Protein chains: 2
Amino acid sequence: MKETTICPRLSKAMELLGKRWTTLILYQLLDGSQRFNEIESALPVSGRLLSERLKELEKEGLVERKVFTDVPVRVEYSLTDKGRALEGAIREVEKWSQTWIN
Amino acid sequence: MKETTICPRLSKAMELLGKRWTTLILYQLLDGSQRFNEIESALPVSGRLLSERLKELEKEGLVERKVFTDVPVRVEYSLTDKGRALEGAIREVEKWSQTWIN
DNA sequence: TACACTTACTTACGAAAAGTAACTAATATT
DNA sequence: AATATTAGTTACTTTTCGTAAGTAAGTGTA
């Protein structure tokens, strides 16, 4: 990779948030804890990618995964403090989109 | 594409902003008008992708392109009002990254 | 007992996007 | 004539994405 002048923290943040679907998944979870299928229904993302993204977000500590051993199994995803701390940024994008898109 | 419950404006916004490099390019331009090579040097993005992204951003009205017929040619990119309106959102992400990354 | 049904994934595979490096046009300098 | 500069473009390989089908663990139904 090239040498750059950009802040490594912002760079790393964008590496995560700049991936397709990541921000919309977080946006969806701002409404509260949700099951896999709920998120999948709310967004035009496939199970394959949703699974992949949720794993990344869990690994980076933005999302928490809870398994309930009901039948069939129930899995709930929610934001951690680190994830919820992005609410301000996400709301700003939401506001921008209402003003400038379409 | 699937049916979703998410707001189409936010969805469209994220289709643009969620692409790799887009937000970092805008962040870079918050510093003011910059030439192609300046942006390329500041970010770990290749000329091929930078060119593609700048075209998209110009088409969507977030970035303006000005050609100066110096020798060799000079091209300057700057934010439009629509692009600059994203400053709040970008600064929020920047703040978040300073607090939570690393 | 056998078979369908549910959720939360995983796998396989072709298509699209991204990374890398070499190349180009226009012109000015050496 | 050869070299250098900027702002790209082209060709090619690798990575990521999208779609559809398959899986595991139980539970309900015939």
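Just so it is clear, the structure is predicted and the values come from calculations on it, not from any experiment. Below, chains carry the letters A, B, ... as their sequence lines are ordered, and counting in each starts from 1.
Spacing between atom CD of B:Glu58 and atom C1' of D:dG8 amounts to 14 Å, rounded to whole angstrom units. Rounded to a whole Å, the CD1 atom of A:Ile25 is 13 Å from the C1' atom of D:dC17. Distance B:Leu49 CG to C:dA16 C1': 13 Å, rounded to the nearest Å. Distance A:Asp70 CG to D:dG26 C1': 11 Å, rounded to the nearest Å. Distance A:Leu50 CG to D:dA20 P: 17 Å, rounded to the nearest Å.
Side-chain atoms of B:Leu17 and B:Leu86, non-hydrogen and from C-beta on, do get closer than 4.5 Å to each other. Taking 4.5 Å as the limit, some side-chain heavy atom of A:Ile39 sits within range of a side-chain heavy atom of A:Leu50. Side-chain contact check for B:Trp100 versus A:Lys82: some heavy-atom pair is nearer than 4.5 Å. Within the 4.5 Å cutoff, no side-chain heavy atoms of B:Leu62 are placed close to those of B:Leu79.
Within the 4.0 Å cut-off from OP1 or OP2 of C:dG19, at least one side-chain nitrogen or oxygen of B:Trp21 is found. Applying the 4.0 Å criterion to OP1 and OP2 of C:dG19, one finds that B:Arg20 has a side-chain N or O inside that range.
Judged purely by distance below 3.5 Å, without hydrogens or angles, the side chains of B:Thr80 and B:Glu64 never pair a donor atom with an acceptor atom.
Remark: the backbone N or O of A:Arg48 is not paired with any side-chain donor or acceptor of A:Ser51 at under 3.5 angstrom.
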Per-nucleotide protein contact string for nucleotides 2-12 of chain C (B base, S sugar-phosphate only, - none; heavy atom under 4.0 Å): ----BSSSBBB

